[in-house]
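Report on one structure; see the data block that follows.
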Amino acid sequence: MFDTHELGRRPGALQRISRTVEAPMDLGIDGVIGVPQGSPVELDLRLESVMEGVLVTGTARASAEGECVRCLEPLRQDVAADFQEMFSYPDTDDRGPRKAAADDDAEDDEDMTPLEDGMFDLEPVLRDAVVLALPMQPVCREDCAGLCAECGANLNENPDHHHDAVDIRWAALQGLADSLGTGEKDNMSGAEAGVDEKQEK
């Protein structure tokens, strides 16, 4: 939770906050990559008082851990996420909740999160921003060769690794072709020998 009391409610007032917090649970893409729970998340925030409330603009920096989608090796990746959120002042008018002048204003009000006793919770905003900044298919490096589709060997460690392609559906025909090829060569050799003998005569 962050306190806005020092900022005041005068429009145009600014406050900058730098803080390191612990990452909440499930900050990432399940089974792919995420920021481990409890690891440090550095926040640089800019709080600005406006007519409707407090506009919070910031950047979150953390280290995410996951698994390369190509070679399945563990990886660690720095992530930076920018975000902006409007937290509205609670309505203190005795006449009741503020009425929207138009449908657009009503939609804007729905997008704003109310301040609670001058405090705001940044976790939902942080979660959305960080998850969107994470790669959907993380790789340990851009040119990762991945694993062999046949035996699972890591192609980064053995780039010359390969298998001779043998299609069992054609194996019998290949053997037949090889035997025919040999017989034809023998016949051709005999024919060439016969021609040479005739020329000699």
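Side chains included, hydrogens not; waters and symmetry mates left out as well; all remaining heavy atoms used.
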- Item | side-chain contact (heavy atoms from CB on, under 4.5 Å) partners for D82, two or more places apart | T59
- Could you note down all residue pairs passing salt bridge (charged side-chain N to carboxylate O under 4.0 Å, His left out) where residues 67-80 supplies at least one of them, sequence neighbours left out? E65-R76
- Item | With N154 via side chain to side chain donor-acceptor pair (under 3.5 Å) - residues at least two apart | N156
- Task: Write down the atom of C71, the atom of C140, and the distance for their closest heavy-atom approach.
- Result: SG-SG, 3.7 Å
- Item | Single-linkage hydrophobic cluster, 4.5 Å side-chain cutoff, L155 and L75 together | no
- Could you note down all residue pairs passing ring pair (Phe, Tyr, Trp, His ring centres under 6.0 Å) where residues 41-88 supplies at least one of them, sequence neighbours left out? F87-F120
- Task: List the atom of A133, the atom of A81, and the distance in Å for their closest heavy-atom pair.
- Result: CB-CB, 3.9 Å
- Task: Sequence neighbours left out, what pairs pass side chain to side chain donor-acceptor pair (under 3.5 Å) with at least one residue falling in residues 20-30?
- Result: none
- Task: Any chance you could lay out the side chain to side chain contact (heavy atoms under 4.5 Å, CB included) test for L126 and L43, step after step, and finish with the verdict?
- Result: CA-CA 9 Å; L126 180 65; L43 297 175; 3.9 Å; yes
- Message: Per the ring pair (Phe, Tyr, Trp, His ring centres under 6.0 Å) rule, what does the pair list look like for residues 24-81, sequence neighbours excluded?
- Response: none
- Backbone N or O of R10 within a donor-acceptor pair of the S49 side chain at under 3.5 Å? yes
- Note on the structure: To the nearest 0.5 Å, atom CG of D121 lies from atom CD of E85 at 11.0 Å
- Task: Using the test side-chain contact (heavy atoms from CB on, under 4.5 Å), find all partners of D44 that sit at least two apart in sequence or belong to another chain.
- Result: S18, R61
- Task: Could you work out the complete set of other residues in the hydrophobic cluster of L147, with links drawn between I, L, V, M, F, W and Y side chains under 4.5 Å apart?
- Result: L72
- Message: Test of understanding: clusters of I, L, V, M, F, W, Y form through side-chain heavy atoms closer than 4.5 Å, transitively. Do V131 and M136 belong to the same one?
- Response: yes
- Write down the atom of V139, the atom of C68, and the distance for their closest heavy-atom approach. CA-SG, 3.7 Å
- Item | Contacts of P135 that satisfy side-chain contact (heavy atoms from CB on, under 4.5 Å) - sequence neighbours left out | I33, Q77, P138
- Would you mind listing every salt bridge (charged side-chain N to carboxylate O under 4.0 Å, His left out) that reaches into residues 128-142, with sequence neighbours excluded? R141-D143
- Item | Set of salt bridge (charged side-chain N to carboxylate O under 4.0 Å, His left out) partners for E123, sequence neighbours left out | R127
- Note on the structure: Exactly one of V56, L14, I17 clears side chain to side chain contact (heavy atoms under 4.5 Å, CB included) with R46, and that residue is L14
- Message: Applying side-chain contact (heavy atoms from CB on, under 4.5 Å), can you list everything that pairs with L55, at least two apart in sequence or on another chain?
- Response: E48, T57, Q84, M86
- Message: Using side-chain heavy atoms (C-beta onward) and a distance below 4.5 Å, is L45 in contact with R19?
- Response: no
